[in-house]
Structure formats: structure tokens, C-alpha cells
Amino acid sequence: MNLTDYFRKIFILSENFKSIEGFLSELEGIILYTYALSNIPGEIVEIGSFKGKSTSWLAQGVLDSKKKIKVNAIDPHTGSNEHKNGGKYSTNFNGSTFNDFTNNLTRYGLTKFVNPIKQTSMNAVKEWRGKIGLLFIDGSHKYDDVRNDFIKWSKFVPIGGIIILHDTIKWEGPKAVVEELIEGDKNFKSFKLHSMTVAEKVKGGQK
């Protein structure tokens, strides 16, 4: 894809995906799309899908790259406390986000590029075996949960793989995990962009 086609596609996707309810900014979606489009050394795993906004950006990257992989979207679809009615970031929550998730993927023709895993992250990781080229962590924002997601899943990321954590600026859990396990660690080359931290694994390989 040349740059003209790339920017044309970005404009179309931004217009399409803004209708999907979620907490991912347009810039963050573009980052996910661009990494999914690139030559990553393994599968894509997303922890925390909600109603499919980030999933759609990732799946579109897979589609446009013509890679023979899928977005492994891990979410029990029971909602998190901050998103339930009366929570800090209350949304239209009716007990499950799964129907909205699948409907959004269907609307944009992305269903076959996504493997929904309707489990908690900690249950799903027990069955995971493959290399992960792009890991997006956006599940529970509690410190212990984010830390466990990072430690358990980053073991499958080889050199050259990318780990992206969402909400690492204002949310104490993700922010603390980045400060503790990524910043200053010579195994990672990282930077902050918008509310996300992007870390490339440059040493250590797959454990």
C-alpha cells in the first residue's frame, strides 16, 4: 500500500469506526491499524475488546496486509465496573457486550479476521501456545490485573514483537505497570503516544 492509498484508507476507517462505542481515540486506532498492517513476528492478541472499536482497527490491518492471521480478541464480555451503569465511565450496558461486539464486526465485514475468545485473560493464557507479534493490553485497569496480563502474555512475544498498553497516562494501574516493568528495562524500546505506551521487544526473545 503506497502512502496515498494509506492516508485515503485512514480517512475512510476513521469515519467508519467513530460510530462504534468505546474509549479508543482516532489516533490510537490509527496506531493499532498501522502496527497490524506491518510485518509483525506472530499473531495478534487483544486483551479487552468491549464493543469492538479497537478490534475493528486491528482486524482491518490484518485484512489490508493480507496476512494469514487473525485478531485473537479476549474478553468475557461481562463488562468492567467502570463501564457499568453508574460507573465512572458508564455506557449503555445491558449485562453483556458480546452482541454489540459481533454486530460491529459484521457491519464492517471483519468477522472472519477475528477469533473471539470469550474468557478472562488469565483463563485464555493457560491455553495459548503461539508467538505473539502484537499484544494490545486494555482489559481491567486494576494494577494487579494489568501486571498479570503483561507478565503472563509478554512471555509469548519474540524479539521484534510489539506490546501496547492503553490508558497509561491517567490510570494508575497501567501507568504503574509501565513504570515498573517497561521503562528502564533494556529488553524494551518504548515510547508514549497519546494515552498509550508502545514497547518493542529488542532483547530477551521468547521465554
- For side-chain hydrogen bond (donor to acceptor under 3.5 Å, both in side chains), just list the numbers for Asn123 and Thr120, CA-CA rounded to whole Å, side-chain angles, deciding distance to a tenth of an Å, and then say yes or no. CA-CA 5 Å; Asn123 282 337; Thr120 64; 3.3 Å; yes

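- Between Glu183 and Lys192 there is a salt bridge, since a side-chain N of the basic residue sits under 4.0 Å from a carboxylate O of the acidic one.
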- Begin from the C-alpha positions of Val114 and Lys70 and carry the test side chain to side chain contact (heavy atoms under 4.5 Å, CB included) through to its verdict. CA-CA 5 Å; Val114 177; Lys70 290 187 176 184; 6.0 Å; no

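- Side-chain contact between Thr102 and Pro116 is absent, with no heavy atoms from C-beta onward closer than 4.5 Å.
- The shortest side-chain heavy-atom distance between Phe136 and Leu24 falls under the 4.5 Å cut-off.
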- Message: Using the rule given for side chain to side chain contact (heavy atoms under 4.5 Å, CB included), can you reason through Ile47 versus Leu135, listing the C-alpha separation, both sets of side-chain angles and the distance that settles it, and then say yes or no?
- Response: CA-CA 8 Å; Ile47 300 173; Leu135 173 63; 4.0 Å; yes

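- No continuous path of ILVMFWY side-chain contacts below 4.5 Å connects Phe23 to Phe98, so the two sit in separate hydrophobic clusters.
- The heavy-atom pair separating Asp167 from Pro174 by the smallest distance is O-CB, 3.3 Å.
- Summarising the geometry of Phe101 relative to Phe50, their closest heavy-atom pair is CB-O, 3.7 Å, with the distance given to 0.1 Å.
- Residues Val198 and Leu27 fall within the same hydrophobic cluster, defined by Ile, Leu, Val, Met, Phe, Trp and Tyr side chains chained together at heavy-atom separations under 4.5 Å.
- Under 4.0 Å is where a charged nitrogen must lie from a carboxylate oxygen, and between Asp5 and Arg8 at least one such pair does.
- Only one option out of Thr168, Ile164, Ile31 pairs with Leu193 in a side chain to side chain contact (heavy atoms under 4.5 Å, CB included); it is Ile31.
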- Tyr108 and Leu13: CA distance, side-chain angles, deciding distance, side chain to side chain contact (heavy atoms under 4.5 Å, CB included) verdict: CA-CA 10 Å; Tyr108 296 110; Leu13 297 179; over 6 Å; no

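- A 6.0 Å sphere centred on NZ of Lys67 holds more than 12 heavy atoms belonging to other residues, nucleotides or ligands.
- Taking each heavy atom of Pro158 and Pro41 in turn, the nearest pair found is CG-O, 3.6 Å.
- Counting only N and O atoms by type, the side chains of Ser14 and Tyr33 include no donor and acceptor under 3.5 Å apart.
- Put simply, OG1 on Thr111 and CG on Asn104 are 10.0 Å apart, with the number rounded to the nearest 0.5 Å.
- Under the 4.5 Å side-chain contact rule for hydrophobic residues, Ile44 and Leu110 share a cluster.
- Shortest non-hydrogen contact noted between Ser56 and Leu105 is OG-CD2, 3.7 Å.
- Across Asp149 and Ser121, no two heavy atoms sit closer than the pair OD1-OG, 2.6 Å.
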- Task: Check the pair Phe156, Val45 against side chain to side chain contact (heavy atoms under 4.5 Å, CB included), reporting the backbone distance first and the verdict last.
- Result: CA-CA 10 Å; Phe156 298 98; Val45 169; over 6 Å; no

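- Atom CG of Asn2 has more than 12 heavy atoms from other residues, nucleotides or ligands within 6.0 Å.
- To the nearest 0.5 Å, atoms CG (Asn187) and CG (Leu181) are separated by 11.5 Å.
- Here the shortest heavy-atom pairing between Lys203 and Lys186 reads CD-O, 3.6 Å.
- One finds the CG atom of Asn72 at 4.5 Å from the CD1 atom of Ile117 (value rounded to the nearest 0.5 Å).
- Interatomic distance, NZ of Lys201 versus CD1 of Ile163, reported as 6.5 Å (0.5 Å rounding).
- Between the OG atom of Ser49 and the NZ atom of Lys118 there is a distance of 12.0 Å, given to the nearest 0.5 Å.
- The CG atom of Leu165 sits 14.5 Å away from the CH2 atom of Trp171 when rounded to the nearest 0.5 Å.
- The hydrophobic clustering, which links ILVMFWY residues whose side-chain heavy atoms are closer than 4.5 Å, places Val157 and Leu32 apart.
- Between Glu180 and Phe150, the closest side-chain pair of non-hydrogen atoms is not below 4.5 Å.
- Within the 4.5 Å cutoff, the side chain of Ser54 has no heavy atoms near those of the His166 side chain.
- By the 4.5 Å heavy-atom criterion applied to side chains, Leu58 and Tyr35 are not counted as neighbours.
- Residue Ile151 is grouped with residue Val178 when hydrophobic side chains (ILVMFWY) are merged at heavy-atom distances under 4.5 angstrom, including chains of intermediate members.
- Asn148 has its side chain out of reach of Val125: every pair of non-hydrogen atoms, C-beta onward, lies at least 4.5 Å apart.
- Side-chain contact between Tyr6 and Thr34 is present, with at least one heavy-atom pair separated by less than 4.5 Å.
- Counting only distance, with no hydrogens or angles, the side chain of Lys189 and the backbone of Glu200 share no donor-acceptor pair below 3.5 Å.
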